[in-house]
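Reviewing the structure listed below.
All values derive from a computational prediction rather than experimental measurement.
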Amino acid sequence: QVQLVESGGGLVQAGGSLRLSCAASGSTFGRYAMAWFRQAPGKEREFVAAIRWIGSITDYADSAKGRFTISRDSAKNRMYLQMNSLNLEDTAVYYCAARNGVASAPMKSLDAYEYWGQGTQVTVSS
């Protein structure tokens with residue numbers, strides 16, 4: 001069993017930056033990947049970025065490329081999302097996800113992940 005807790009969300013002006021963190025606890029045996037998803041009001045949860053735990057292979061949504069950077073610290077069992085050049089469309093609840101064991105689904109898929117955090121609110125203002 002894995003527990004995930006996000007932090008670092010808040011209110012930021014357009015053009016600003018935030019760094020989200022995800023602290024994981026519980027089993028890390030066979031850790032495959034971790035990812036960030038987000039959900040804006042009235043919309044479906046969507047993929048933002050993902051990272052393989054070993055090898056640091058990454059994948060990004062088109063909306064995140066060039067602005068967001070996903071990283072992880074395996075020794076601390078933490079994952080980060082550095083978000084720069086934020087705009088109003090980035091406003092959402094951001095969720096941390098993880099999977100132990102190799103998944104058949106792509107890293108960008110919701111189906112690839114077993115465990116989810118409670119989410120952290122990111123609000124971008126003009």
Is there a path of hydrophobic side-chain contacts, each under 4.5 Å between heavy atoms of I, L, V, M, F, W or Y residues, that connects Trp116 with Tyr32?
yes
Applying side chain to side chain contact (heavy atoms under 4.5 Å, CB included), name anything that partners Ser109, two or more places apart in sequence or on another chain.
Ala105, Pro106, Asp111
Counting only N and O atoms by type, is there a donor-acceptor contact under 3.5 Å from the side chain of Thr120 to the main-chain atoms of Gly9?
yes
With Arg45 as the cation and Tyr95 as the aromatic partner, state whether NZ or CZ is under 6.0 Å from the six-membered ring centre and within 45° of the axis.
yes
Side chains of Gln1 and Ser27, heavy atoms from C-beta outward: is any pair under 4.5 Å?
no
In terms of heavy-atom contacts, Ser85 and Arg67 come closest through O-NH1, 3.0 Å
Who else is in the cluster with Leu20 when I, L, V, M, F, W and Y are joined by side-chain contacts under 4.5 Å?
Val2, Leu4, Val12, Leu18, Met34, Trp36, Val48, Ile51, Trp53, Tyr60, Phe68, Ile70, Met79, Leu81, Met83, Leu86, Leu88, Tyr94, Tyr115, Val122, Val124
Does Asp59 come within less than 4.0 Å of Arg52, counting only side-chain N to carboxylate O?
no
Output for pair (Glu46 CD, Leu110 CG), nearest 0.5 Å, gives 10.0 Å
Within a strict 4.5 Å, meaning less than it, do heavy atoms of the Met107 and Thr58 side chains meet?
no
Using atom types as modelled and distance alone, determine if a side-chain donor or acceptor of Glu44 lies under 3.5 Å from a backbone N or O of Gln39.
no
Quick check: does any side chain N or O of Tyr113 sit under 3.5 Å from a backbone N or O of Cys96, one acting as donor and the other as acceptor?
no
Measuring only between side-chain heavy atoms, which start at C-beta, is Ser21 closer than 4.5 Å to Arg78?
yes
May I ask you to test the Arg38-Ser63 pair for a side-chain heavy-atom distance under 4.5 Å?
yes
Can you establish whether the number of heavy atoms outside Leu11 located under 6.0 Å from its atom CG is more than 12?
yes
Is the closest side-chain heavy-atom distance between Asn84 and Gln82 below 4.5 Å?
yes
Are the side chains of Glu6 and Gln118 in contact, using a 4.5 Å heavy-atom criterion?
yes
Measure across Ala112 and Ala103 and return the closest heavy-atom pair with its distance rounded to 0.1 Å.
O-CB, 3.7 Å
Does some side-chain heavy atom of Ser126 sit less than 4.5 Å from a side-chain heavy atom of Gln13?
no
For the residue pair Asn77 / Arg72, report whether a side-chain donor-acceptor contact shorter than 3.5 Å exists.
no
